[in-house]
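Keep in mind that what you see is a predicted model, and the values were worked out from it rather than measured.
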Amino acid sequence: MTDRPTILLVAPTFYDVSYSINPWMDPAAWARDPRGMHRHAMSSFDALREALGTAGFTVEVVEGAPGQPDMVFPANAAVVLDGKAVLARFRYPQRRGEEAPFAGIFENLRARGLIDSVETLPDGCYQEGAGDCIWDAQRGHFWAGFGPRSTREAADAMAQHFGQQVVPLELATEQSYHLDVCFCPLAGGDVLYYPPAFSASALQTIRAHVPAAQRIEATEDDLRHFSVNAVNLDDQVVMTRTTPHLRTELGRRGYRLHEVDLSPYMLSGGGAYCMTLRLDRVSAPVQRAAAA
Ligand code: ARG
């Protein structure tokens with residue numbers, strides 16, 4: 001496996017918004033101008049790819065599959081740590097057709113030496129990849145969202161596969177259907193999160209693990225901009241065009257923002273983080289320039 005910060009993207013060749021499995025998805029808006037929307041999606045994708053390069057990533061782009069528009073969100077395809085990829089199991093039939101093509105993609109990444117091994121989950125649980133299982137490099141554990149998509153048992157399965165601590169967090173609303181919509185641990189130890197997305201006990205858990213000075217509370221406006229769904233490398237943060245609140249708050253803490261217009265993907269309920277998947281994450285702390 002590689003020790004460079006390597007991040008996977010899936011080209012939007014087959015992207016569209018043609019069904020609705022979360023409250024943000026708007027197939028009618030897409031259908032008003034499918035060609036224009038697709039063009040916009042292509043240029044947004046190019047802008048994201050460029051921003052990720054500027055932020056310091058090596059970007060790997062693979063092709064999706066016809067009829068599986070949501071493959072542009074590879075964060076949902078697997079959880080990757082220490083060279084091991086554990087493949088996702090999707091809750092909705094609309095996305096289950098992604099499992100076979102993604103298995104092929106990960107096998108190919110393994111053959112190329114970008115990851116070391118590919119594993120599958122036991123039957124009987126849903127788990128939607130790094131969208132619901134986020135590695136916190138500062139604290140050295142996973143945070144696992146469950147409820148709308150991934151099941152609670154998936155958190156235990158992940159702990160077994162990776163031999164790491166997994167802290168489960170119950171998601172209380174359909175609006176924050178994946179953990180990455182409402183929760184983002186940053187390299188400086190800060191955690192950007194949207195409190196109303198969580199059950200009371202999940203909020204207690206977050207507050208027990210993250211001291212007040214490191215908690216950045218997102219507003220509803222931040223959430224609607226899909227700004228919590230951000231990609232972070234050291235002090236660099238790649239996200240959708242964001243709000244004055246987050247520009248100020250993240251800037252004050254020493255983060256440098258790269259804002260990208262990802263509106264065609266927000267129409268599917270996605271932002272920058274879910275359009276990516278880190279392939280190089282390791283559980284041992286990595287020494288790089290610190291944020292802030
Ligand atoms: N339309 C996709 C879905 O509802 C969007 C997924 C976005 N991914 C994420 N990790 N938030 O499944």
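We find that Glu119 and Arg110 are not joined by a salt bridge, their nearest charged nitrogen and carboxylate oxygen being 4.0 Å or further apart.
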Requested in this report: Go through the steps for Gln214 and Gln138 under the test side-chain contact (heavy atoms from CB on, under 4.5 Å), then give the verdict.
Outcome: CA-CA 12 Å; Gln214 292 189 317; Gln138 283 301 304; over 6 Å; no
Query raised in the report: Stepwise, does the side-chain contact (heavy atoms from CB on, under 4.5 Å) test hold for Leu192 with Tyr255?
Result: CA-CA 12 Å; Leu192 171 61; Tyr255 296 99; over 6 Å; no
Query raised in the report: Under the side-chain contact (heavy atoms from CB on, under 4.5 Å) criterion, do Met239 and Leu250 qualify, and how do the steps go?
Result: CA-CA 12 Å; Met239 59 164 61; Leu250 293 173; 3.7 Å; yes
Report task. Assess whether side-chain contact (heavy atoms from CB on, under 4.5 Å) is satisfied between Arg139 and Val167, documenting all intermediate values. Result -> CA-CA 11 Å; Arg139 296 176 183 81; Val167 178; over 6 Å; no
Query raised in the report: Given Tyr126 and Asp132, is the side chain to side chain donor-acceptor pair (under 3.5 Å) satisfied, shown in steps?
Result: CA-CA 10 Å; Tyr126 298 119; Asp132 262 340; over 6 Å; no
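Within a 6.0 Å radius of CD in Glu50, no more than 12 heavy atoms belonging to other residues, nucleotides or ligands are found. In this structure, Gln160 places its CD atom where only 12 or fewer heavy-atom neighbours from other residues, nucleotides or ligands lie under 6.0 Å away.
Between Trp143 and His141, the two ring planes are perpendicular [angle over 60°; tilted spans 30° to 60°]. Below 30°, between 30° and 60°, or above 60°: for Tyr193 and Phe198 the angle between ring planes is between 30° and 60°, a tilted geometry.
Hydrophobic clustering, with ILVMFWY side chains joined whenever heavy atoms are under 4.5 angstrom apart, groups Val61 together with Val238. Follow the hydrophobic side-chain contacts under 4.5 Å out from Val231 and you reach Leu9 in the same cluster. By the criterion of side-chain heavy atoms lying less than 4.5 angstrom apart, applied directly or through intervening Ile, Leu, Val, Met, Phe, Trp or Tyr residues, Ile115 is not grouped with Trp135; the two fall into different hydrophobic clusters. If you chain together hydrophobic residues whose side chains sit under 4.5 Å apart, Leu114 and Val118 fall into the same group. Under the 4.5 Å side-chain heavy-atom criterion for ILVMFWY residues, a single connected hydrophobic cluster contains both Leu171 and Met25.
Minimum heavy-atom separation, Pro148 to Thr173: CG-O, 3.7 Å. Considering all non-hydrogen atoms of both residues, Ser44 and Asp261 come closest at OG-O, 2.6 Å. In terms of heavy-atom proximity, Tyr15 sits nearest to Ala41 at CD2-CB, 3.9 Å. Between Thr6 and Asp280, the closest heavy-atom pair is N-OD1, 2.9 Å. The shortest non-hydrogen separation linking Val260 to Ala47 is CG1-CB, 3.6 Å. Smallest separation of non-hydrogen atoms from Val237 and Ala230: CG1-CB, 3.7 Å.
Contact annotation: the side chain of Gln175 approaches that of Trp24 to within less than 4.5 Å [non-hydrogen atoms, C-beta and beyond]. Taking the side chain as every heavy atom from C-beta outward, Leu8 and Val80 never approach each other to under 4.5 Å. Side-chain contact between His40 and Ser263 is present, with at least one heavy-atom pair separated by less than 4.5 Å. For the pair Asn76/Phe102, no side-chain contact is recorded, criterion being any heavy-atom separation below 4.5 Å from C-beta on. Phe57 places a side-chain heavy atom less than 4.5 Å from the side chain of Leu233. For the pair Ser150 and Cys133, the minimum side-chain heavy-atom distance is 4.5 Å or more. Considering only heavy atoms from C-beta on, Gln127 comes within 4.5 Å of Val79 through its side chain. Proximity of Pro101 to Met71: side-chain heavy atoms (C-beta onward) are separated by under 4.5 Å at one or more points.
Under 3.5 Å, the side chains of Glu170 and Ser201 contain no donor-acceptor pair of N or O atoms. Judged purely by distance below 3.5 Å, without hydrogens or angles, the side chains of Asp222 and Ser227 never pair a donor atom with an acceptor atom. Counted by atom type alone, Asp70 and Tyr19 present one or more donor-acceptor pairs between their side chains at under 3.5 Å.
Taken from CZ in Arg152 to CG in Leu169, the straight-line distance is 10.0 Å, to the nearest 0.5 Å. Going from atom CZ of Arg89 over to atom OG1 of Thr151 covers 10.0 Å, rounded to the nearest 0.5 Å. Taken to the nearest 0.5 Å, the CD atom of Gln165 stands 13.0 Å off from the OG atom of Ser283. In this structure, the separation between CG on Leu267 and CZ on Phe226 is 10.0 Å, given to the nearest 0.5 Å.
Cluster note: Phe146 groups with no other residue, as no ILVMFWY side-chain heavy atom lies under 4.5 Å from it.
Residue pairs meeting the ring pair (Phe, Tyr, Trp, His ring centres under 6.0 Å) criterion with at least one member in residues 152-173, sequence neighbours excluded, are Phe142-Phe162.
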